Amino acid sequence: MSKNPDSKKVSRNDFYESVYEIVRLIPRGRVTNYGAIAKVLGTAGAARMVGYAMNHCLNRQDVPAHRVVNRAGLLTGRHHFPEENSMQQRLEAEGLVVIDNQIQHFDQHFWDPMSEIEL
DNA sequence: GTTTTGACGGCGG
DNA sequence: TCCGCCGCCAAAA
């Protein structure tokens, strides 16, 4: 055990990849929040960081960022999409109901990454 | 190397 | 019950 900087915490480089991977695992018609992802990564409380990583993943179509919202089910990140309505439209296209940037029955469509992270 | 921001979350008044 | 403040972690300026 010379260094062993952080076995529990994910490396900064893996942090982004982990976020992308988790978001990528989100099934169609499901949504999750930042806190849940951050918690799975081992950095609970770094929910802001998750959103930060997402901002870089907008270029990646492999990462359905539109399925990630805040814990209130509000499309907080819609303003960062190419089209402000694109996020809501995509969610609706997946069978979700979004009214006024608010996902209806959010808890019902909520998807817990922790259920798929370890496998 | 230090400071500020940032797609949030939880707790207090 | 509703509104507001502080805290956490990392990256960019």
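The shown structure was predicted, so the numbers you read here are calculated from the model rather than taken from an experiment. By convention in this document, chain letters (A, B, ...) are assigned in the order of the sequence lines, proteins followed by strands, and residues within each chain are numbered from 1.
Of the nucleotides present, C:dC2 is the one that pairs with B:dG13 by Watson-Crick or G-U wobble criteria, both distances under 3.5 Å.
Between the NZ atom of A:K39 and the P atom of B:dG10 there is a distance of 9 Å, rounded to whole Å. When the C1' atom of B:dT5 is taken as reference, atom NE2 of A:H80 falls 12 Å away, rounded to whole Å. Between the P atom of B:dG9 and the OH atom of A:Y52 lies a distance of 17 Å, rounded to the nearest Å. The separation between A:F15 atom CZ and B:dG6 atom P is 18 Å, rounded to whole Å. The distance between atom CD1 of A:I37 and atom P of B:dG6, rounded to the nearest whole Å, is 20 Å. One can place NE2 of A:H56 at 19 Å from P of C:dC9, the figure rounded to the nearest angstrom. A straight line from CZ of A:R71 to P of C:dG7 spans 20 Å, rounded to a whole angstrom. With rounding to whole Å, A:N59 atom CG is found 15 Å from B:dA7 atom P.
Within the 4.0 angstrom heavy-atom criterion, no nucleotide atom of any strand lies near A:H66. Using a 4.0 Å heavy-atom distance criterion, A:N70 is classed as a sugar-phosphate-only contact. Residue-level contact check: A:R48 touches the bases, meaning some heavy atom is under 4.0 Å from a base atom. In this structure, A:V50 reaches neither bases nor backbone, as no heavy-atom distance under 4.0 Å exists between it and the strands shown. Here A:A65 lies in heavy-atom contact (under 4.0 Å) with a base. A:L58 comes within 4.0 angstrom of a nucleotide base, judged by non-hydrogen atoms across all strands.
Proximity of A:N33 to the phosphate of B:dG9: a side-chain N or O atom is located under 4.0 Å from OP1 or OP2. Residue A:T76 has a polar side-chain atom (N or O) positioned under 4.0 Å from OP1 or OP2 of B:dC8.
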- Task: Decide yes or no on salt bridge (charged side-chain N to carboxylate O under 4.0 Å, His left out) for A:R30 and A:E94, but give the supporting numbers first.
- Result: CA-CA 8 Å; A:R30 287 276 197 248; A:E94 299 193 352; over 6 Å; no
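For the pair A:Y16/A:E21, no side-chain contact is recorded, criterion being any heavy-atom separation below 4.5 Å from C-beta on.
Cluster membership check: A:V23 does not share its hydrophobic cluster with A:F81, using side-chain heavy-atom separations under 4.5 Å among Ile, Leu, Val, Met, Phe, Trp and Tyr.
Between the CZ atom of A:R78 and the CD atom of A:E83 there is a distance of 12.5 Å, given to the nearest 0.5 Å.
For CZ of A:R24, the number of neighbouring non-hydrogen atoms (other residues, nucleotides, ligands) closer than 6.0 Å is greater than 12.
Comparing the P positions of C:dC3 and B:dA7 gives a spacing of 23 Å, expressed to the nearest Å.
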